[in-house]
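Contents: one structure, followed by commentary.
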Amino acid sequence: MTKDATPGSTVHMAIQGYEGSFHQEAANQFFKKNVTVECCDTFKEVIAAAKDPGRTNGCVMAIENSIAGSILPNYNLLQGSDLKIVGEVYMQINQNLLVNPDVELEDIKEVHSHTMALQQCYEYLDQFRWKLVDADDTALSARHIAQHKARHIAAIASKLAAELYGLKIIAPKIQTLKNNYTRFLVLRRKEDLATAVEGDKASINFHTDHSKGSLAKVLSIISKEEVNLTKLQSFPIPGSQFRYQFHADMEFEQIRDFEKVMDKVKPVTTGLKVYGIYKRGSWK
């Protein structure tokens, strides 16, 4: 699918992982299921697909997790992409134990999933003497046991993966830490977008001349205006000797409040880029 889609029509978005992954769940949540996905092995490939109008309308990419923190390589990919943020999704990551329909708990001898998913479920898995096998992707492990009609192998994956591959959730929400959320960004090509006329959140990148108090000047300006700084993340500037750039997220009531801050911040920075103005995501 190429070019920008009309409201309510289906868009085609790049994601990291396979069909049934949490990235696809996030895409479904944002676009209310009016979306198809281009599955990519790496986030670098996701960005390449999102930039190509012959392949996709954009991408959905994880950017931070409430337990593991920021996904720093993805901030670097965002910085170099020239893509615009048009939305965000906060999604609770529920890990489920999936089996084929005729399999019961006592039949399981192995559990397959991505290593991070396995680690998130150790408290539950430690009750059993199952062999734990690392896989490249949670959804891929679900697809594997479905295709092979495995009777003694379970997978840890999403509810969507169970639905797509006809699997049974034999044990839901088995992750140790239940309050586990991932924030996903929805990115589109800037040439496909109109000027933002509504929104209450924005993301920017900036750097200063690194003179004494230069960062404090920026933060002071933000603190005095009608915006709320919700995130500040530093990154090394490639090729520099320990100089840093900063990613900032801000929330506000009116776009003009954000624009006023940018007018004041720009003169005290040596580089300023607005990634996008969009509606803040809700926690469900």
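We use all heavy atoms of the structure for the numbers below, so side chains are in, but hydrogens, waters and symmetry mates are not. Position 1 is the first residue of the sequence; numbering continues from there.
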Shared hydrophobic cluster, [X] / [Y] (ILVMFWY, side-chain heavy atoms < 4.5 Å):
| X | Y | result |
| --- | --- | --- |
| Leu219 | Met250 | yes |
| Val186 | Phe22 | yes |
| Phe184 | Leu160 | no |
| Val46 | Val11 | no |
| Phe258 | Val265 | yes |

Please determine whether the number of non-hydrogen atoms from other residues, nucleotides or ligands lying under 6.0 Å from atom [atom1] of [X] exceeds 12.
| X | atom1 | answer |
| --- | --- | --- |
| Gln127 | CD | yes |
| Asp136 | CG | no |
| Glu123 | CD | no |
| Lys173 | NZ | no |
| Gln119 | CD | yes |
| Lys131 | NZ | no |
| Lys149 | NZ | no |

Do [X] and [Y] pair up side chain to side chain, a donor and an acceptor below 3.5 Å, judged on atom types alone?
| X | Y | result |
| --- | --- | --- |
| Ser70 | Gln233 | yes |
| Thr36 | His12 | yes |
| Thr230 | Asn228 | no |
| Gln24 | Tyr18 | no |
| Thr270 | His207 | yes |
| Thr208 | Lys217 | no |
| Tyr278 | Ser203 | yes |

Give a yes or no answer on whether the side chain of [X] reaches the backbone of [Y] with a donor-acceptor pair at less than 3.5 Å.
| X | Y | answer |
| --- | --- | --- |
| Thr56 | Ala49 | yes |
| Arg151 | Asp102 | yes |
| His114 | Met116 | yes |
| Arg280 | Phe252 | yes |
| Glu19 | Val37 | no |
| Glu45 | Cys40 | no |
| Gln16 | Asp41 | yes |
| Arg189 | Ala50 | yes |
| Lys201 | Gly276 | no |

What pair of heavy atoms forms the shortest contact from [X] to [Y], and how long is it?
| X | Y | value |
| --- | --- | --- |
| Ser158 | Leu98 | O-CD1, 3.8 Å |
| Ala248 | Leu232 | CB-CD1, 4.2 Å |
| Gln95 | Ala117 | NE2-CB, 3.7 Å |
| Tyr181 | Asn65 | O-ND2, 3.1 Å |

Can you check salt bridge (charged side-chain N to carboxylate O under 4.0 Å, His left out) on Asp82 and Lys190, steps first, answer last?
-> CA-CA 8 Å; Asp82 213 28; Lys190 63 181 181 179; 3.2 Å; yes
Trace of the side-chain contact (heavy atoms from CB on, under 4.5 Å) decision for Leu167 with Val99 = CA-CA 6 Å; Leu167 299 174; Val99 294; over 6 Å; no
Heavy-atom side-chain proximity of [X] to [Y] below 4.5 angstrom:
| X | Y | result |
| --- | --- | --- |
| Asn74 | Leu185 | no |
| Ile108 | Phe128 | no |
| Leu83 | Met61 | no |
| Asp192 | Asn57 | no |
| Asn96 | Ile174 | no |
| Phe30 | Val60 | no |
| Ser214 | Val268 | no |
| Ile63 | Ile71 | no |

Verdict with supporting geometry, Thr138 and Ile156, side-chain contact (heavy atoms from CB on, under 4.5 Å) = CA-CA 6 Å; Thr138 55; Ile156 295 176; 5.7 Å; no
Whether Tyr75 and His247 hold their rings parallel, tilted or perpendicular, with breakpoints at 30° and 60° | perpendicular
Near-ring test His23/Phe43, centroid separation under 6.0 angstrom | yes
For the pair Glu226 and Arg256, find out whether any cationic side-chain nitrogen is under 4.0 Å from an anionic carboxylate oxygen.
-> no
Show your working on side-chain contact (heavy atoms from CB on, under 4.5 Å) between Leu272 and Met262 and close with a plain yes or no.
-> CA-CA 9 Å; Leu272 176 64; Met262 291 300 96; 4.1 Å; yes
Dump the intermediate steps for side-chain hydrogen bond (donor to acceptor under 3.5 Å, both in side chains) on Gln175 and Tyr124, then the final yes or no.
-> CA-CA 7 Å; Gln175 70 274 9; Tyr124 175 83; over 6 Å; no
